[in-house]
Engineer: 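I have a structure here, written as structure tokens, and I will follow up with some questions on it.
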Amino acid sequence: MPELPEVETTRRGIEPHVKNHCVEAVEIYCKKLRYPIPQNLAAKLVGTSFVEVARRGKYLLLISSAGTLMIHLGMSGNLLLVDVGAAINKHDHLDISLENGLCLRYHDPRRFGMVLWVSTELWRHRLLKTLGPEPLPKLSVKQFSNRQAIDVKSAQHFTRDTFSAEYLYQKSRGRRISVKQFIMDSHIVVGVGNIYASEALFMAGIHPGRAAGRVAQARYQCLVEAIKKVLSDAVQSGGTTLRDFYHGKDRQPGYFQQKLNVYGRQNLPCSVCQHPIKLLRQGQRSSFYCSVCQH
DNA sequence: AATCGCGCCTGACGGC
DNA sequence: TGCCGTCAGGCGCGAT
């Protein structure tokens, strides 16, 4: 289940092997992901190069002069670098062969992911334009080493640094949904998935079931800091496994490297007060929390 | 406008 | 051994 740190780790992993290498061939093995893979991808991509490997929320953006390949990994998606001509395995859906002898391969058992082609300015795209701010905007700024790859308005949209306690506080006034569902809403803030939402709320001492509109601004300050800490720690642990992205298929998602304080730990003792961690069902999602430390 | 719940999909796992 | 039900979950979308 890729969360933002896993997507960022993937972005960093593929970037040096993909950026500025000409596309030689595109092969589609399965059309039906969440949306169909555009059939004319080869016509768009062959002979061009990706000049930037960027990310907006959990969307990976491979930007070429002709347009942008937008990839979401969904629940079980994965991008691998294999040698051109490597055998196809089950659930491999797309191959993009490059002139350097490597092939970028999209693999996704559950097919919740998406591979889309965007030829308009990115900030106009319906799936991107409504997204909330990045929790770690500094990562976004670093992405755009090639300023010409992206139009000014999209770059501004991607790098706006508006994620703050005041922002969450304002956005949440009058909202009755739980604070956990609120921070997991990508239109509020991108990249906070189920695991890190539980972890950040624990760190901030906020009960996941509390109404978003009934969280004080000072507590949102704690939450903002917790979200940034949890995500940047996970990006860091992802980064430590990055050395070998190409050959290293044994790389682990960041949350396997990281100590999880509550997620998946129901009935186990809280790391702070030793009381058993509780499980709460919100929507169709599991939340884990400590009823003593969080309120 | 906000909220709720559905559907997409496969693999893992438990019970019989 | 195999079959069947359940769960996991990001996200868009339609209904309310």
Engineer: Just the rounded figure in Å: distance from C1' of B/dA2 to CG of A/Asp185.
Structural biologist: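 About 10 Å, once rounded to whole Å.
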Engineer: Could you tell me whether a side-chain N or O of A/Arg105 sits under 3.5 Å from a main-chain N or O of A/Ala86, the two making a donor and an acceptor?
Structural biologist: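 Side chain of A/Arg105 to backbone of A/Ala86: a pair is present.
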Engineer: Within the structure, does a side-chain N or O atom of A/His187 lie under 4.0 Å from either OP1 or OP2 of B/dA2?
Structural biologist: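 A/His187 to B/dA2 OP1/OP2: no side-chain N or O under 4.0 Å.
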Engineer: Using whole Å, report how far CE of A/Met184 lies from C1' of B/dG5.
Structural biologist: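 Whole-Å distance recorded here is 15 Å.
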Engineer: Which of parallel (below 30°), tilted (30 to 60°) and perpendicular (above 60°) describes A/His93 and A/Tyr106?
Structural biologist: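 If you compare the ring of A/His93 with that of A/Tyr106, the planes turn out tilted.
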Engineer: Would you say the side-chain atoms of A/Ser198 pair up with the backbone N or O of A/Ile195, donor to acceptor, closer than 3.5 Å?
Structural biologist: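 Checking the backbone N and O of A/Ile195 against the side chain of A/Ser198, no donor-acceptor pair under 3.5 Å is found.
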Engineer: Rounded off to whole Å, could you give me the CD-to-P distance for the A/Gln181 and B/dC4 pair?
Structural biologist: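 Rounded to the whole Å, the gap is 7 Å.
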Engineer: Ignoring the backbone of A/Met75, work out which of C/dG12, B/dG5, C/dG10 is nearest its side chain.
Structural biologist: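 Looking only at side-chain atoms, A/Met75 lies closest to C/dG10.
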Engineer: Tell me the interatomic distance from A/Leu4, atom CG, to C/dG9, atom P, rounded to whole angstroms.
Structural biologist: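 Whole-Å distance recorded here is 18 Å.
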Engineer: Answer yes or no: is there a donor N or O on one side and an acceptor on the other, between the side chain of A/Ser172 and the main chain of A/Arg175, under 3.5 Å?
Structural biologist: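 Pair absent, no side-chain N/O of A/Ser172 close to backbone of A/Arg175.
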Engineer: For A/His72 and C/dG10, is the shortest distance between a side-chain N/O and OP1 or OP2 below 4.0 Å?
Structural biologist: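 False: A/His72 side-chain N/O out of range (4.0 Å or more) of C/dG10 OP1/OP2.
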Engineer: Considering only side-chain heavy atoms of A/Ile177, which listed nucleotide, C/dG12, C/dA8, B/dC4, is closest?
Structural biologist: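 Nearest listed nucleotide: B/dC4.
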Engineer: Using whole Å, what does the distance between atom C1' of nucleotide B/dC9 and atom CG of A/Leu73 come to?
Structural biologist: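 One finds 16 Å between C1' of B/dC9 and CG of A/Leu73, rounded.
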Engineer: DNA chain B: A/Arg285 or A/Lys90, which has the more 5' nearest nucleotide?
Structural biologist: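 Nearest nucleotide further toward 5': that of A/Arg285.
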Engineer: If you pin A/Lys171 and A/Gln284 to their nearest nucleotides in DNA chain B, which one's is more 5'?
Structural biologist: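 Final value for this comparison: A/Lys171.
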Engineer: Give a yes/no on whether any side-chain N or O of A/Tyr196 is located under 4.0 angstrom from OP1 or OP2 of C/dG10.
Structural biologist: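 Checking A/Tyr196 against C/dG10: no side-chain N or O falls below 4.0 Å of OP1 or OP2.
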Engineer: Please answer whether the main-chain N or O of A/Pro269 pairs with a side-chain N or O of A/Arg265 as donor and acceptor at a distance below 3.5 Å.
Structural biologist: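 Yes, because the side chain of A/Arg265 sits within donor-acceptor range (under 3.5 Å) of the backbone of A/Pro269.
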Engineer: Could you pick out which residue, A/Leu279 or A/Leu131, lies toward the 5' side of DNA chain C when each is mapped onto its nearest nucleotide?
Structural biologist: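 Whichever sits nearer the 5' end wins; that is A/Leu279.
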Engineer: Please state whether the phosphate of C/dC13, meaning OP1 or OP2, lies under 4.0 angstrom from any side-chain nitrogen or oxygen of A/Arg126.
Structural biologist: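 So the side-chain polar atoms of A/Arg126 do come within 4.0 Å of the phosphate oxygens OP1 or OP2 of C/dC13, strictly under.
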Engineer: Which whole-number value in Å describes the distance from A/Met70 CE to C/dC11 C1'?
Structural biologist: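 Between C1' of C/dC11 and CE of A/Met70: 12 Å.
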Engineer: Strictly below 4.0 Å: does A/Ser286 bring a side-chain N or O up to OP1 or OP2 of C/dG9?
Structural biologist: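 Yes, because at least one side-chain N or O of A/Ser286 sits under 4.0 Å from OP1 or OP2 of C/dG9.
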Engineer: Could you check whether any side-chain N or O of A/Asp151 sits under 3.5 Å from a backbone N or O of A/Ser154, counting only pairs where one atom can act as donor and the other as acceptor?
Structural biologist: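 Yes, A/Asp151 side chain to A/Ser154 backbone: donor-acceptor pair under 3.5 Å.
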Engineer: State which of C/dG10, C/dA8, C/dC13 makes the closest approach to the side chain of A/Asn194.
Structural biologist: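 Closest nucleotide among those given: C/dG10.
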Engineer: May I have the distance from A/Lys180 (atom NZ) to B/dC4 (atom P), rounded to whole angstrom?
Structural biologist: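 Whole-Å distance recorded here is 14 Å.
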Engineer: Taking DNA chain B as the partner, which of residues 104-112 of chain A come within under 4.0 angstrom of it by heavy atom?
Structural biologist: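 Heavy-atom cutoff 4.0 Å gives A/Pro109, A/Arg110, A/Arg111, A/Phe112.
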Engineer: For C/dA8, take OP1 and OP2 only and decide whether either is under 4.0 Å from a side-chain N or O of A/Arg281.
Structural biologist: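 Yes.
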Engineer: For B/dG11, take OP1 and OP2 only and decide whether either is under 4.0 Å from a side-chain N or O of A/Ser76.
Structural biologist: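 No, A/Ser76 has no side-chain N/O under 4.0 Å of OP1/OP2 on B/dG11.
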Engineer: Within less than 4.0 Å of OP1 or OP2 of C/dC11, is there a side-chain N or O belonging to A/Lys58?
Structural biologist: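 It does, given that an N or O in the side chain of A/Lys58 lies less than 4.0 Å from OP1 or OP2 of C/dC11.
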Engineer: Does A/Leu127 reach a base, just sugar-phosphate, or nothing at all? Heavy atoms under 4.0 Å.
Structural biologist: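 Touches sugar-phosphate only.
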Engineer: Looking at A/Arg56 and A/Glu134, does any basic side-chain N land under 4.0 Å from a carboxylate oxygen?
Structural biologist: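 Counted as a salt bridge, because a side-chain N and a carboxylate O are separated by less than 4.0 Å.
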Engineer: Using a heavy-atom cut-off of under 4.0 Å over every strand shown, decide if A/Arg175 touches base, sugar-phosphate, or nothing.
Structural biologist: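 Answer is sugar-phosphate: A/Arg175 comes under 4.0 Å of backbone atoms only.
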Engineer: Report yes or no: does A/Glu3 contribute a side-chain atom to a donor-acceptor pair with the main-chain N or O of A/Gly193 at less than 3.5 Å?
Structural biologist: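 Here the side-chain-to-backbone pair exists.
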Engineer: Whether A/Tyr35 contacts C/dC13 is assessed here as follows: a side-chain N or O lying under 4.0 Å from the phosphate OP1 or OP2. Is that the case?
Structural biologist: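 Yes, A/Tyr35 has a side-chain N/O under 4.0 Å of OP1/OP2 on C/dC13.
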Engineer: For A/Arg34 and B/dC9, what is the distance between atoms CZ and C1' respectively, to the nearest whole Å?
Structural biologist: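 To the nearest whole Å, that distance equals 11 Å.
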Engineer: In terms of side-chain heavy atoms, does A/Glu225 have a donor or acceptor partner in A/Gln221 at a distance below 3.5 Å?
Structural biologist: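 Short answer, yes.
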Engineer: With a 4.0 Å cut-off on heavy atoms, is A/Phe182 in touch with a base, just the backbone sugar-phosphate, or nothing at all?
Structural biologist: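 If one applies the 4.0 Å heavy-atom cut-off, A/Phe182 turns out to touch nothing in the nucleic acid.
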